[in-house]
There are 2 protein chains.
Amino acid sequence: MLPGLLGYHVRLAQIAIFEDFERALEHLGVSPGLFALLVIIDANPGLKQTALAQAARIDRSTLVPALNKLEQRGLVERRSAPADRRSNGLFLTTAGAELLHDATGAVREHEAGIASGLTGAEREQLMDMLDRLAPRSR
Amino acid sequence: MLPGLLGYHVRLAQIAIFEDFERALEHLGVSPGLFALLVIIDANPGLKQTALAQAARIDRSTLVPALNKLEQRGLVERRSAPADRRSNGLFLTTAGAELLHDATGAVREHEAGIASGLTGAEREQLMDMLDRLAPRSR
DNA sequence: TTCACTTTGTTTGACATCAAACAATCGCGT
DNA sequence: ACGCGATTGTTTGATGTCAAACAAAGTGAA
């Protein structure tokens with residue numbers, strides 16, 4: 001039964017990919033979730049926490065301890081916005097930008113590794129088909 | 001950056017599929033994880049807990065509260081094995097088998113829904129490519 | 001202006017998960 | 001027969017996640 005279900009294969013692939021990602025970026029202390037946060041902040045300096053949570057597809061409340069960790073490690077800064085004293089603008093520190101640079105290189109190698117069983121065209125097609133899955137939920 | 005990564009697309013697909021699954025089987029109180037357990041027990045009556053955990057790709061310790069819930073709901077039985085007093089043989093009750101039957105029908109509809117944007121051939125190809133991902137981890 | 005409603009970040013509670021430690025039991029080698 | 005190591009199920013602790021509730025701050029309508 002299970003081997004005929006798309007969700008089963010997607011879940012197994014997800015587990016395998018995240019395990020490989022963790023292994024590839026272990027020396028940098030970067031998980032898939034933290035990497036996504038760094039990438040989004042880097043591309044959108046000054047982003048509010050709520051907006052970052054939406055972009056990263058996690059709950060506002062889940063983001064809080066993650067940002068605390070990144071801030072304690074000196075990778076991200078929360079600057080209270082002058083216009084709206086409720087919200088924080090998020091910025092990468094120099095150390096954060098450097099770590100993101102190193103992590104990006106490691107992620108590229110990881111990506112090549114997990115896709116090594118696929119041709120370039122298959123890889124594109126795979127991402128395309130994944131995006132067309134579960135249309136009701138999008 | 002993120003939209004070029006396989007892991008990103010797989011994760012989004014995974015979230016969407018599980019959300020749809022939850023919605024489709026909400027009336028039965030069956031999550032993807034519990035469904036997998038029922039399917040595996042049904043196909044392998046008398047299975048030990050450790051073996052079930054391996055088959056379902058979860059930790060032995062994670063299985064304990066899940067089985068407690070299934071047992072409390074009267075869907076699964078733990079029968080202590082006469083040959084090895086450490087282990088429990090797992091069996092579906094009549095109620096468990098009936099629930100699994102209903103759930104299987106709902107899962108078939110769910111599967112058709114999430115795959116509605118794909119042709120049958122694409123669906124097969126998608127599962128095949130997912131299985132060829134992250135070869136280092138298999 | 002004032003007051004209800006919304007937004008923002010945070011705290012708390014519930015739950016799934018893994019890893020480590022544990023007692024009970026088993027099995028094997030001597 | 002005995003004892004050491006492995007196995008089995010469980011408990012405990014840490015982490016990541018969502019949902020609900022909350023205070024502080026902003027917004028808009030009467």
Side-chain angles (χ1 to χ4, degrees), chain A residues 7 11-12 14-23 25-26 29-37 41 44 46-73 76-91 137, chain B residues 7 11-12 14-19 21-23 26 29-37 41 44 46-73 76-91 137:
Chain A
R11 174 170 166 263
L12 293 186
Q14 153 99 297
I15 292 172
I17 291 174
F18 272 46
E19 274 177 6
D20 188 84
F21 188 107
E22 297 272 11
R23 209 177 313 137
L25 278 82
E26 196 178 11
V30 175
S31 66
L34 293 188
F35 179 73
L37 296 182
I41 295 174
N44 305 277
L47 202 66
K48 294 187 302 186
Q49 291 186 197
T50 297
L52 174 57
Q54 283 176 348
R57 301 274 206 154
I58 61 175
D59 196 85
R60 262 161 45 242
S61 56
T62 305
L63 182 59
V64 175
L67 279 182
N68 290 345
K69 178 180 291 187
L70 291 177
E71 211 172 22
Q72 280 182 342
R73 289 175 59 183
V76 167
E77 249 183 325
R78 281 192 251 225
R79 299 186 202 155
S80 49
D84 186 343
R85 274 179 303 170
R86 291 172 304 180
S87 62
N88 298 325
L90 300 172
F91 299 89
S137 309
Chain B
R11 174 169 165 264
L12 293 186
Q14 152 100 298
I15 293 173
I17 291 173
F18 272 43
E19 275 178 6
F21 188 108
E22 297 274 11
R23 208 177 313 138
E26 194 178 11
V30 175
S31 66
L34 293 187
F35 178 71
L37 296 183
I41 295 173
N44 305 276
L47 202 65
K48 293 187 303 185
Q49 291 187 196
T50 297
L52 174 57
Q54 283 176 350
R57 301 273 206 155
I58 61 176
D59 196 85
R60 259 161 46 244
S61 57
T62 305
L63 181 61
V64 174
L67 280 182
N68 290 345
K69 178 180 293 185
L70 291 177
E71 211 172 23
Q72 280 182 341
R73 289 174 60 183
V76 168
E77 248 183 327
R78 282 192 251 227
R79 298 186 202 154
S80 49
D84 185 344
R85 273 181 303 170
R86 293 171 302 179
S87 62
N88 298 324
L90 300 172
F91 298 89
S137 311

> How many whole angstroms separate atom CZ of B:Phe35 from atom C1' of C:dA16?
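Taking atom C1' of C:dA16 as the reference, CZ of B:Phe35 is at 20 Å.
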
> Can you measure A:Asn68 atom CG to C:dG9 atom P for me and round it to whole angstrom units?
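Roughly 13 Å, once rounded to whole Å.
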
> Going through the checks in order, is the side-chain contact (heavy atoms from CB on, under 4.5 Å) test met by B:Arg78 and B:Glu71?
CA-CA 8 Å; B:Arg78 282 192 251 227; B:Glu71 211 172 23; 3.1 Å; yes

> Starting at CD of A:Gln14, measure out to CZ of B:Phe18 and round the result to the nearest 0.5 Å.
8.5 Å

> Could you tell me whether the side chain of B:Leu34 reaches within less than 4.5 Å of the side chain of B:Lys69, counting heavy atoms only?
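Yes, their side chains come closer than 4.5 Å.
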
> Please check the phosphate of D:dG16 (OP1 and OP2 only) for any side-chain N or O of A:Thr62 closer than 4.0 Å.
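For D:dG16, OP1/OP2 do not have a side-chain N/O of A:Thr62 under 4.0 Å.
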
> Rounded to whole angstroms, how far apart are CD on A:Gln54 and P on D:dT17?
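Rounding to the nearest Å, CD of A:Gln54 and P of D:dT17 are 16 Å apart.
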
> Between atom CD in A:Glu19 and atom P in C:dA19, what is the gap in whole Å?
9 Å

> Answer yes or no: does a side-chain N or O of B:Gln49 lie under 4.0 Å from OP1 or OP2 of D:dT10?
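For D:dT10, OP1 or OP2 has a side-chain N or O of B:Gln49 closer than 4.0 Å.
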
> With a non-hydrogen cut-off below 4.0 angstrom, is B:Ile58 in contact with a base, only sugar-phosphate, or nothing?
sugar-phosphate

> Indicate yes or no: at least one non-hydrogen side-chain atom of B:Gln49 is less than 4.5 angstrom from one of B:Leu90.
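Yes. Closest side-chain heavy atoms under 4.5 Å.
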
> Which residue lies toward the 5' end of DNA chain D, A:Pro82 or A:Asp59, if each is placed at its nearest nucleotide?
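Result of the comparison: A:Asp59.
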
> Expressed as a whole number of angstroms, how long is the span from A:Arg85:CZ to D:dT27:P?
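Atom-to-atom, A:Arg85 to D:dT27, this comes out as 11 Å.
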
> For B:Glu22, does the CD atom have more than 12 heavy-atom neighbours from other residues, nucleotides or ligands under 6.0 Å away?
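Count over threshold, so yes.
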
> Considering only heavy atoms and no angle criterion, is a donor-acceptor pair shorter than 3.5 Å present between the side chain of B:Arg60 and the base of D:dG9?
yes

> Taking only side-chain nitrogens and oxygens of A:Arg78, does any of them come within less than 4.0 Å of OP1 or OP2 of C:dT10?
yes

> Which of these nucleotides, D:dT10, C:dT10, D:dA19, is closest to any side-chain atom of B:Ser61?
D:dT10

> Do the side-chain N or O atoms of B:Thr50 get closer than 4.0 angstrom to the phosphate oxygens (OP1, OP2) of D:dT7?
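Answer is no, no contact under 4.0 Å.
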
> What is the separation between atom CZ on B:Phe18 and atom C1' on C:dC15, rounded to the nearest whole Å?
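In whole Å, C:dC15 C1' and B:Phe18 CZ are 16 Å from each other.
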
> Can you measure B:Arg79 atom CZ to D:dG9 atom C1' for me and round it to whole angstrom units?
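Atom-to-atom, B:Arg79 to D:dG9, this comes out as 18 Å.
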
> When the nearest nucleotide of DNA chain C is assigned to A:Gly89 and to A:Arg11 on a heavy-atom basis, which residue is associated with the more 5' position?
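The residue closer to the strand's 5' end, by nearest nucleotide, is A:Gly89.
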
> What about B:Arg86, does its side chain sit under 3.5 Å from the base of C:dT25 through a donor-acceptor pair?
yes

> Answer yes or no: is there a side-chain heavy-atom contact under 4.5 Å between A:Leu63 and A:Leu37?
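Yes, close enough: below the 4.5 Å cut-off.
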
> For a quick test of reading the model: is some side-chain N or O of B:Lys48 closer than 4.0 Å to OP1 or OP2 of D:dG9?
no

> Hey, are the side chains of A:Ile41 and A:Leu47 touching, using non-hydrogen atoms and a 4.5 Å cut-off?
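Answer no - side chains too far apart.
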
> Roughly what angle, to 10°, lies between the helix axis at the start of the helix from C:dT1-D:dA30 to C:dT30-D:dA1 and the one at its end, five pairs per end?
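End-to-end axis angle: 10°.
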
> Can you see if the side chain of B:Lys69 gets near the phosphate of C:dA16 - specifically, an N or O under 4.0 Å from OP1 or OP2?
yes

> Distance check needed: D:dT15 P versus A:Glu22 CD, whole Å only.
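After rounding, the gap between these two atoms is 14 Å.
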
> Between A:Leu52 and A:Lys48, is any pair of side-chain heavy atoms under 4.5 Å apart?
no

